[in-house]
J.: 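The following block contains the structure, expressed as structure tokens.
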Amino acid sequence: ENSAAHGAVCNVAGPDIIESRTYYQIIADELGVPLTIEELPVSRYLAEHPERASFLCHRIYTRDALAQAGLPVPATLIREGLREHLQWIGVE
């Protein structure tokens with residue numbers, strides 16, 4: 001019902017900017033389990049999986065389109081959002 005948002009592409013990510021490893025560490029922390037991350041050389045992974053090149057870069061999502069359309073901008077921090085989600089699905 002907001003004409004300023006018609007045809008707009010809006011991200012609804014929260015305000016945090018974090019690495020993927022941090023995202024998974026937060027999940028492990030909230031579940032109370034250890035996390036093991038195996039680091040692979042990017043060049044080797046790309047050679048073996050060229051179709052996944054778009055996943056080999058950092059992505060930062062802007063919420064500017066929401067604000068410009070006058071829509072509510074998410075403010076929930078990632079740790080709190082993941083904690084709430086785990087509680088909602090019954091994992092505590």
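What you see below is based on every heavy atom in this structure, not just the backbone, and it leaves out hydrogens, waters and symmetry mates.
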J.: Name all residues meeting the side chain to side chain donor-acceptor pair (under 3.5 Å) criterion together with Q25; count only those two or more places apart in sequence or in a different chain, and write none if there are none.
T.: D29
J.: Tell me the closest heavy-atom pair linking L46 and A53, and the distance in Å.
T.: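 Residues L46 and A53, closest heavy atoms: CD1-CB, 3.7 Å.
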J.: Going only through I, L, V, M, F, W and Y residues with side-chain contacts under 4.5 Å, is there a path from Y23 to L86?
T.: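 Hydrophobic grouping puts Y23 with L86.
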J.: Please test L35 against I37 for side chain to side chain contact (heavy atoms under 4.5 Å, CB included), starting from the C-alpha separation and ending with a verdict.
T.: CA-CA 6 Å; L35 175 67; I37 296 175; 3.6 Å; yes
J.: Does atom CZ of F55 have more than 12 heavy-atom neighbours, drawn from other residues, nucleotides or ligands, at distances under 6.0 Å?
T.: no
J.: When rounded to the nearest 0.5 angstrom, what is the spacing between OG1 in T22 and CZ in R79?
T.: 9.5 Å
J.: Can you get from L77 to W88 by hopping between Ile, Leu, Val, Met, Phe, Trp and Tyr side chains that sit under 4.5 Å apart?
T.: no
J.: Linking I/L/V/M/F/W/Y whenever their side-chain heavy atoms sit closer than 4.5 Å, directly or via other members, would L40 and Y24 fall into one cluster?
T.: no
J.: In terms of heavy-atom contacts, does NE2 of H6 have more than 12 from other residues, nucleotides or ligands at under 6.0 Å?
T.: yes
J.: For the pair N2 (side chain) and A69 (backbone), establish whether a donor and an acceptor sit closer than 3.5 Å, ignoring hydrogens and angles.
T.: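 The answer is yes, because a donor-acceptor pair under 3.5 Å joins these two groups.
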J.: Indicate if Y61 and V12 have the same hydrophobic cluster label, given that clusters are the connected sets of ILVMFWY residues with side-chain heavy-atom separations under 4.5 angstrom.
T.: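 Different clusters: Y61 never reaches V12 through Ile, Leu, Val, Met, Phe, Trp or Tyr contacts under 4.5 Å.
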J.: So how far is it from I17 CD1 to I78 CD1, rounded to the nearest 0.5 Å?
T.: 12.0 Å
J.: Between CD of Q68 and CZ of R63, what distance do you get to the nearest 0.5 Å?
T.: 12.5 Å
J.: What distance do E80 atom CD and I26 atom CD1 have between them, rounded to the nearest 0.5 Å?
T.: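 Output value for this atom pair is 11.5 Å.
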J.: How close do P74 and P15 get, counting heavy atoms only, and between which atoms?
T.: O-CD, 4.0 Å
J.: For L66 and N11, work out which heavy atoms get closest and say how close.
T.: CD1-O, 3.0 Å
J.: Just grab all the salt bridge (Lys or Arg N to Asp or Glu O under 4.0 Å) pairs involving residues 9-28, residues at least two apart or on different chains.
T.: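 Every salt bridge (Lys or Arg N to Asp or Glu O under 4.0 Å) pair that includes a residue of residues 9-28, provided the two are not neighbours, is R21-E39.
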